[in-house]
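The next block holds one structure in the form of structure tokens; read it before the comments.
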Amino acid sequence: MTSSLLEGLNPQQLEAVTLPDVSALILAGAGSGKTRVLTTRIAWLIQTGHASPGGLLAVTFTNKAAREMLTRISAMLPINTRGMWVGTFHGLCNRMLRAHHRDAALPQGFQILDSQDQLSLVKRVMRGLGIDEERYPARQAQWFINGAKDAGRRASHVDTPDDFSRRLRDVYEAYDRQCQQEGVVDFAELLLRAHELLTRNEVLQEHYRTRFRHMLVDEFQDTNRLQYSWLKLLAGRDNAVFAVGDDDQSVYRFRGAEPGNMRHFERDFAGGRVIRLEQNYRSHGNILDAANALISHNRGRLGKNLRTSEGSGEPLRVYEAPTDLDEARFIVDEIRALRAEGVRSDAMAVLYRSNAQSRVLEHALFNAGLAYRVYGGLRFFERQEIKHALAYLRLVANPEDDGALLRVVNVPARGIGARSVESLQETAQTRGISLWQAACAHAPSGKAGASVATFIRLIEGLRASVAGLPLAETVQAVVDASGLKDFYQSEKEGADRIENLDELVNAAAAFNAEEVYDPNAPGGGVTDPADPTAALNAFLAHAALEAGEHQAGVGEDALQLMTVHAAKGLEFHAVFVSGLEEGLFPHENSATEDEGLEEERRLMYVALTRARRRLYLTFAQSRMLHGQTRYNVASRFLGEIPAALLKRVNAPVVRGFAGGAFGIPARVSAPAAEPMGGNGWRVGQGVTHPKFGQGVIVAAEGRGADARVQVNFRDAGMKWLALEYARLTPA
DNA sequence: TACCTCCACGTTTTT
DNA sequence: CGTGGAGGTA
């Protein structure tokens, strides 16, 4: 009963879980039991009759988080969680749009574009408009469109201060028109369209407002403007929004997250009801002290200090390596030692700022014969062969989908080359019809026309033969009939791809069992059961919205390698934060503006708070990056951690310190300090500049009149200087 | 149409 | 250094 549900909660957690029907902001620090509070709150609301399972909405950013929430709820309550509106923003909006596709002006079987699909559609549209791809990179246009949508703006409402943005606005407009014609929506469109649906349709708005008396939001600091607006719209004046987040862990500003939403929320919803969860159940004291000290350098925080009832534990271990290879070697040695002590590999993680850093580490681990797993990279539904198969399925579900047609019209090769496709595109363009219609009605003459006709017959034959079949058999039929298998049979990488195609059939079978036959499942029950392609559409939406695992879960007990971003939300017994160098972490692209630097610091805060017991901070004096050796100084973040919490685990040859314990790394004489092309300067050398003062040369490039050096100045920071002009004198 | 070479580029990323 | 995309050639 209630008592068992609430057992073991600390006073703040208890207060949050048992709040009355009001909005509140829960400032949940790292490791403070955030997910537990969220799920217990839901269970408590249901158990005490404050809400029915169908009367609340819980929204997360990832499918994983949504799944975990559902799992925990069903462990706490004997209810069927299937009908509950628990999911990602995109998943819930998809569900809403499927249910009201008419009101949202979408075809019943609308398809969802992932970023890849979106980019190719943007490219296609830009080519159609005859836009110079040199001056207007498609990526940038895509970024522009998504940025506008995330801010809730249609092309007609976008700010266009200059010709450049006017041109991008045109692309946006044409792109949206094309999406509408093809019956496809991108990720941001799911949210924007759902928002517009609710704004315009007061009946629906009232329906959902009356229904969702309680709304719960996870990772609130990551919401963007549109998501915030969506929540506000659904909440109306009366509903209770329970927002859980941590402004110190906001690390997605670069993709539109508005950490300021937390402050707005306090004003717009919470009426000052803010509960802080500061008791940490994860880390030893020294780790938390380090994290608290570091993050205190940020301004404008909502304010929060983590504490633990555990002891201080060990000091943080700092290792300074001469090179990135030595850094990797050190990490390998330590992991071996930890394993010998009985620590499992999967309880240890090596974190880095950018993916490029994983290579050296992987190399060292591979040579040492240590099992590891790298997060990131291609995911299941993003694989080429899977995208091909899905494109066939999309064509079966919706022949107007030009993107899908273009993807597979000639895969495997069936004699419909670039010329034929171009001719189809011309016809489609001039008549304002889809490629499919163009292909049906105006096939090119001769041999090419025959090929097009064969393709049309293939798809139509598939559609007919698949009607009424269960999903898995549909997928099987498409995989078989498309010729993809034969196609990959002859490829060298083919074996894996064929295996993946088989795996797609399995995924369809599993999906079938779990979701589609449940009338309340997202994407399942809300589609018309009489619609023969309902199951297929639900599966295709699933494929787009949940791209699957990053990598097959091969290594059972493997060391975890990932970016700091990817580590958010995870915890490990031992954590290595590697590459702690100026320019890398904080990254040089972020260090120029305050906002960027503060986000880097939050990222570092996330990194530190991943560790339960042991934390290593490592950096290298020199590192191979982009094909050349770079000489970096230690990250300023090391200097922001009280020295008393740190312990150096190597004995470097100290030559000179400037600006605190880690201002300038100790430097070994050779081979790190190399002479530079006979111009009298070398990396590692101390210099004085008339304006910037004292510093150390950390990198150099070019020669003769082009020669430039990067100098880390004690006071002025990192600068690139042209040797021809800069009046440098040896220090 | 398939392969190959050259060139540009190089935070972070879920949906 | 390594990759991925584009464009050119067999």
Side-chain angles (χ1 to χ4, degrees), chain A residues 59-66 87-94 112-120 123 133-134 137-139 142-143 146 149-150 185-192 194 218-219 222-224 226-227 250-257 324-325 351-360 362-363 375-379 381-382 384 410-420 490-492 541-548 550 562-569 579 583-592 596 599-600 602-604 606-607 623-630:
Chain A
V59 61
T60 63
F61 276 86
T62 66
N63 293 295
K64 196 175 152 208
T88 62
F89 278 102
H90 296 85
L92 297 178
C93 287
N94 173 53
I112 300 166
L113 302 180
D114 68 15
S115 320
Q116 285 177 38
D117 301 331
Q118 185 189 33
L119 183 63
S120 43
K123 279 183 182 161
E133 290 175 58
E134 294 277 286
R139 285 213 147 278
Q142 182 185 26
W143 190 80
N146 289 336
K149 289 190 178 185
D150 285 346
V185 299
D186 58 55
F187 288 135
E189 182 72 22
L190 285 170
L191 301 187
L192 184 52
D218 191 17
E219 304 280 12
D222 289 338
T223 50
N224 63 31
L226 181 54
Q227 287 157 342
S250 161
V251 292
Y252 286 109
R253 205 176 62 99
F254 72 93
R255 67 170 194 217
D324 49 348
L325 274 85
L351 309 184
Y352 34 81
R353 176 64 180 82
S354 63
N355 287 305
Q357 289 166 250
S358 75
R359 188 171 299 121
V360 187
E362 285 185 68
H363 196 78
Y375 285 76
L378 263 199
R379 304 163 76 185
F381 286 109
E382 291 168 356
Q384 183 204 86
N410 204 32
V411 180
R414 47 172 72 87
I416 307 175
R419 303 165 309 283
S420 314
S490 56
E491 234 192 24
K492 39 189 187 304
H542 166 81
L545 290 175
E546 183 162 9
H550 261 306
M562 64 190 87
T563 62
V564 181
H565 281 96
K568 195 170 145 228
L584 252 195
F585 198 0
H587 196 274
E588 52 200 346
N589 297 359
S590 310
T592 44
E599 177 140 318
E600 295 288 310
R602 292 193 290 269
L603 204 46
M604 179 68 176
V606 168
R623 175 179 301 277
M624 189 66 122
L625 203 66
H626 305 330
Q628 50 177 307
T629 308
R630 299 201 358 170

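None of the values given here were measured: they were computed from a predicted structure. Residue numbers start from 1 in every chain, and the chains themselves are labelled A, B, ... in the order their sequence lines are given, proteins ahead of strands.
Here the separation of dT14(B) from dT3(C), taken at their C1' atoms, is 24 Å to the nearest Å. Separation of the P atoms belonging to dG4(C) and dT13(B) is 15 Å when rounded to the nearest angstrom.
Whole-Å rounding puts the Gln142(A) CD to dT15(B) C1' distance at 13 Å. Rounded to whole Å, the distance from NE2 on His587(A) to P on dT12(B) is 7 Å. Per the geometry, CD belonging to Glu382(A) stands 12 Å off P belonging to dT13(B), to the nearest Å. Between the CG atom of Asn224(A) and the P atom of dT14(B) there is a distance of 15 Å, rounded to whole Å. Note: CG (Asp222(A)) to C1' (dT12(B)) measures 12 Å, nearest angstrom. Between the CG atom of Asp114(A) and the C1' atom of dT13(B) there is a distance of 13 Å, given to the nearest Å. Going from atom CZ of Phe187(A) over to atom C1' of dT15(B) covers 4 Å, rounded to whole Å. For the pair Gln116(A) CD and dT14(B) C1', the interatomic distance rounds to 14 Å; values are reported in whole Å.
Minimum atom distance to the side chain of Asn410(A) is reached by dT1(B), of the listed dT15(B), dT1(B), dT14(B). Side-chain proximity of Thr62(A) to dA2(B), dT15(B), dT12(B): nearest is dT15(B). Distance from the side chain of Ala413(A) is smallest to dA2(B) among dA2(B), dT15(B), dT12(B).
Across all strands, Asp186(A) comes closer than 4.0 Å to no nucleic acid atom at all (heavy-atom distances). If you check every strand for non-hydrogen atoms under 4.0 Å, Phe89(A) touches nothing.
Residues forming a salt bridge (charged side-chain N to carboxylate O under 4.0 Å, His left out) with Glu362(A) (at least two apart in sequence, or on another chain): none. Listed by chain and residue number, Lys387(A), Arg394(A) satisfy the salt bridge (charged side-chain N to carboxylate O under 4.0 Å, His left out) test with Asp117(A) (two or more places apart in sequence, or in another chain).
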Seminar exercise, completed: A correct 5'-to-3' footprint of nucleotides 1-10 of chain C, with B, S and - meaning base, sugar-phosphate only and no protein heavy atom under 4.0 Å, is BS---S----

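Checking side-chain atoms of Gln227(A) against main-chain N and O of Phe89(A) turns up no donor-acceptor pair under 3.5 Å.
Between Arg414(A) and Glu599(A), the residue anchored nearer the 5' end of DNA chain B, judged by the nucleotide with its closest heavy atom, is Arg414(A). Nearest-nucleotide positions on DNA chain B place Ser354(A) closer to the 5' end than the other of Ala544(A) and Ser354(A).
Between Asn63(A) and the phosphate of dT15(B), there is a side-chain N or O to OP1/OP2 separation shorter than 4.0 Å. One finds no side-chain N or O of Asn355(A) lying less than 4.0 angstrom from the OP1 or OP2 phosphate oxygen of dG10(B).
Judged by distance alone with a 3.5 Å cut-off, no donor-acceptor contact links the side chain of Ser115(A) to the base of dT14(B).
Contact annotation: the side chain of Tyr352(A) approaches that of Thr563(A) to within less than 4.5 Å [non-hydrogen atoms, C-beta and beyond]. Two residues are said to be in side-chain contact when any heavy atoms from C-beta on lie closer than 4.5 Å; Leu190(A) and Leu545(A) meet this criterion.
dT12(B) has Phe254(A) stacked on its base ring, the centres lying under 5.5 angstrom apart and the planes within 30 degrees of parallel.
Aromatic ring centres of His565(A) and Phe254(A): separated by under 6.0 Å.
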For this session: Kindly determine whether Gln118(A) and Gln142(A) satisfy side chain to side chain donor-acceptor pair (under 3.5 Å), including the steps that lead there.
Result: CA-CA 8 Å; Gln118(A) 185 189 33; Gln142(A) 182 185 26; 2.9 Å; yes

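Taking the six-membered ring where tryptophan is involved, the planes of His90(A) and Phe187(A) are perpendicular, since the angle between them exceeds 60° and thus also 30°.
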